[in-house]
Undergrad: 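Here it is, the structure in full.
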Amino acid sequence: MDRPPAPTPTPLTEPYWEACRRGELALQRCEKCGRFVHFPEPVCPFCGGTELPYTKVSGNGTVHTFSVVERTFLPGFRTPYVIAWIDLAEGARAFGDLVGCPPEEVRIGMPVEVCFADLPGFGPIPSFTPRPDVTATPDSPRWRTPS
């Protein structure tokens, strides 16, 4: 099987990938308005600020929305797989794939956390996976945080 294409770091994205190599998720945060920016941008899309240093975030969040990909047009992706927007605890929204859970069990609102897998020839790539403190209950389709 072919490998998925590797990202091409740029001066704008290198701090993101450096954080991934440390096992951390870091997003840009505008010094002018305080909002997180994801995907990386040279200028804050909210206020036009140009100081956007990368800030470590917890990587904990919930699934905002997701899609199950049944057919891929790129090499190296085994279908089906899940891509999702994740509402992070810090108020940011991040995009990534969701692993460690069958696609039919993914739900909006499901608690997740960042995890990293090594892409051969590149290094760690962030994904999201269900949080280990999540259990199935009869009152939800599959996921709920224990009380």
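Note that this is a predicted model, so its numbers are computed, not measured.
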Undergrad: Taking distance alone, no hydrogens or angles, what donor-acceptor pairs closer than 3.5 Å link side-chain atoms of residues 113-126 to residues at least two apart or in another chain?
TA:
none

Undergrad: Mind checking the CZ-OG1 spacing from R131 to T62? Nearest 0.5 Å is all I need.
TA: 8.5 Å
Undergrad: Taking the side chain as everything from C-beta on, heavy atoms only, tell me whether L74 gets closer than 4.5 Å to P4.
TA: no
Undergrad: What heavy-atom pair brings P15 and P11 nearest, and what distance separates the two atoms?
TA: CD-O, 3.6 Å
Undergrad: With clusters defined by side-chain heavy atoms of hydrophobic residues (ILVMFWY) lying less than 4.5 Å apart, directly or transitively, does L52 cluster with L25?
TA: no
Undergrad: Taking all atoms of both residues into account, what is the closest heavy-atom pair of A94 and H38, and its distance?
TA: CA-CD2, 3.5 Å
Undergrad: Between E51 and K32, is there a donor-acceptor pair closer than 3.5 Å when you use the side chain of the first and the backbone of the second?
TA: no
Undergrad: Using the ring of each side chain (for Trp, its six-membered ring), is Y16 parallel, tilted or perpendicular to Y54, with breaks at 30° and 60°?
TA: tilted
Undergrad: Please round to the nearest 0.5 Å and tell me the distance separating atom CD of E41 and atom CG of L12.
TA: 7.5 Å
Undergrad: Between G34 and R29, which heavy-atom pair has the shortest distance, and what is it?
TA: O-NE, 2.8 Å
Undergrad: Can you find a pair of side-chain heavy atoms, one from L88 and one from F128, that are under 4.5 Å apart?
TA: yes
Undergrad: Looking only at heavy atoms, what is the nearest atom pair of F66 and I108, with distance?
TA: CE2-N, 3.9 Å
Undergrad: Taking atom CD of E105 and atom CG of L98, what is their separation to the nearest 0.5 Å?
TA: 11.5 Å
Undergrad: Could you tell me which non-hydrogen atom of P75 sits nearest to which non-hydrogen atom of P5, and how far apart they are?
TA: O-CD, 3.8 Å
Undergrad: Where the side chain of T129 meets the backbone of V99, is there a donor-acceptor pair that is under 3.5 Å apart?
TA: yes
Undergrad: Compare all side-chain heavy atoms of W85 with those of S67 and state whether any distance is below 4.5 angstrom.
TA: no
Undergrad: Could you check if a side-chain atom of F46 sits within less than 4.5 angstrom of a side-chain atom of C30, using non-hydrogen atoms only?
TA: no
Undergrad: Sequence neighbours left out, what passes salt bridge (charged side-chain N to carboxylate O under 4.0 Å, His left out) with E14? Give chain and number order.
TA: R21
Undergrad: Do P45 and V37 make a side-chain contact, defined as non-hydrogen atoms from C-beta onward lying under 4.5 Å apart?
TA: yes
Undergrad: Hey, are the side chains of V106 and P130 touching, using non-hydrogen atoms and a 4.5 Å cut-off?
TA: no
Undergrad: Output the distance between atom CD (E31) and atom SG (C44), rounded to the nearest 0.5 Å.
TA: 11.5 Å
Undergrad: First locate atom CG of N60, then atom CG of D87, and finally report the distance between them rounded to the nearest 0.5 Å.
TA: 13.0 Å
Undergrad: Taking atom types as modelled and ignoring hydrogens, do the side chains of D97 and S127 form a donor-acceptor contact shorter than 3.5 angstrom?
TA: yes
Undergrad: Which heavy atom of G48 sits nearest a heavy atom of V43, and at what distance?
TA: O-CG1, 3.4 Å
